[in-house]
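Notes follow once the structure below has been shown.
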Amino acid sequence: LADKDWRLRARAALVVSRNLPDSEESRGMILAALRDSDPVVRWCLVRGLVDVRRRVHFGMWSSVSDDVQNPPVLASAIDALETAMGDADASVRSAAAMALGCLPAMASRAIPALARGLSDADKRVRRAALSSLAELARADDTALVSLAEATADKDKDLRESAAFDLHELDLKSAACV
C-alpha cells in the first residue's frame, strides 16, 4: 500500500479488504488505504469490504475468509466503512453505504452512519443509505426512524422509496404475527 503506483495500491487495498485477517497489521493497512490520496484506491478498499459483506450475508466462507466471522474482524470492517462514509469521493461513500447494509449483526453500529448518509449531497449515496437502512430494519427496528424521516426528503424518488420500504416492512411484520 506504500507503492508509488496507484494501480498497485488499489490491488493491495482490494486484496487486504477481501481477506480481512484479524490482526493489527491488517487494520493498519485498511486505515492507510482509507487515507490514500487516490479515490480509486479508497474505492477498491470499500469494494473489497462489499465482497466481505456478501460472504457474511450469504454464509459463503472460503478458507481465506474464515476470520470474517470473528466479531473483532466485523468491528474492523464497520470502522473502515464508517470512515469511508465520510470520504470526499461520492462513489466511495455510496459503496460504503451499500456494504453496511448486509451486516445485520452490526446493525446498531451501521445505522447511525447510514442515517447521516441520508443527508449526503450526492443522490447515489442517499439511495444506497436508504436501501441499506431498509435491509437493516429487519434486524434492528431503530432503522425505521431514519426510514420514516426519509419520507420527507427533497428527492421525490427517495421519498417514495422510503415510503415503499416502510410499507413492505410493515407487511412482512404483519405476516409474522
Side-chain angles (χ1 to χ4, degrees), residues 1-136 138-140 143:
L1 287 168
D3 198 276
K4 291 180 182 178
D5 186 344
W6 67 268
R7 292 173 292 243
L8 291 176
R9 293 193 319 273
R11 282 193 176 190
L14 194 57
V15 168
V16 167
S17 61
R18 280 185 175 160
N19 295 313
L20 208 63
D22 184 19
S23 71
E24 285 302 316
E25 182 182 15
S26 68
R27 284 191 275 274
M29 287 190 282
I30 287 169
L31 292 173
L34 283 172
R35 289 189 296 265
D36 196 279
S37 61
D38 194 298
V40 174
V41 175
R42 297 189 309 269
W43 184 88
C44 282
L45 175 81
V46 174
R47 185 71 212 150
L49 293 172
V50 169
D51 292 343
V52 169
R53 169 204 66 141
R54 286 185 182 137
R55 290 194 308 260
V56 169
H57 185 66
F58 295 111
M60 299 181 294
W61 308 106
S62 68
S63 59
V64 176
S65 64
D66 285 343
D67 282 343
V68 176
Q69 298 178 71
N70 296 334
V73 175
L74 287 175
S76 293
I78 292 287
D79 290 343
L81 293 169
E82 286 175 330
T83 301
M85 287 293 292
D87 196 272
D89 188 278
S91 64
V92 173
R93 295 191 311 273
S94 178
M98 289 304 295
L100 286 168
C102 279
L103 292 173
M106 302 296 279
S108 63
R109 293 254 333 261
I111 289 170
L114 291 168
R116 288 188 301 276
L118 288 175
S119 61
D120 196 279
D122 190 277
K123 185 177 189 173
R124 296 170 298 167
V125 177
R126 292 194 311 274
R127 287 178 185 273
L130 180 71
S131 174
S132 289
L133 283 165
E135 275 299 314
L136 294 179
R138 292 169 173 76
D140 187 333

Which heavy atom of [X] sits nearest to which heavy atom of [Y], and what is that distance?
| X | Y | answer |
| --- | --- | --- |
| Pro39 | Val92 | O-CG2, 3.8 Å |
| Gly101 | Glu135 | O-CB, 3.3 Å |
| Val40 | Asp38 | N-OD1, 2.7 Å |
| Arg9 | Ser37 | NH2-OG, 4.3 Å |
| Leu14 | Cys44 | CD1-O, 3.3 Å |
| Val125 | Ala90 | CG2-O, 3.5 Å |

Item to check | Side-chain donor/acceptor of Ser132 to backbone N/O of Ala97, under 3.5 Å | outcome: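 Present.
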Next on the checklist: Has Arg126 got a side-chain atom pairing as donor or acceptor with Ser119's backbone, closer than 3.5 angstrom?
Outcome noted: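 No, the answer is negative, given that no donor and acceptor are paired below the 3.5 Å cut-off.
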Atom pair [atom1]/[atom2] of [X] and [Y] - distance to nearest 0.5 Å:
| X | Y | atom1 | atom2 | result |
| --- | --- | --- | --- | --- |
| Ser131 | Met98 | OG | CE | 4.5 Å |
| Leu81 | Met106 | CG | CE | 10.5 Å |
| Leu133 | Leu118 | CG | CG | 5.5 Å |
| Ile111 | Asp140 | CD1 | CG | 4.0 Å |

Checklist entry - Mind checking whether Arg109 and Leu100 have side chains closer than 4.5 Å, heavy atoms only? => result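 The answer is no, as the side chains (C-beta and beyond) never meet within the 4.5 Å cut-off.
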Checklist entry - Among pairs that include at least one residue of residues 85-99, which meet side-chain hydrogen bond (donor to acceptor under 3.5 Å, both in side chains), considering only residues two or more places apart or in two chains? => result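 Residue pairs passing side-chain hydrogen bond (donor to acceptor under 3.5 Å, both in side chains), neighbours aside: Arg42-Asp87, Asp89-Ser91, Arg93-Asp120.
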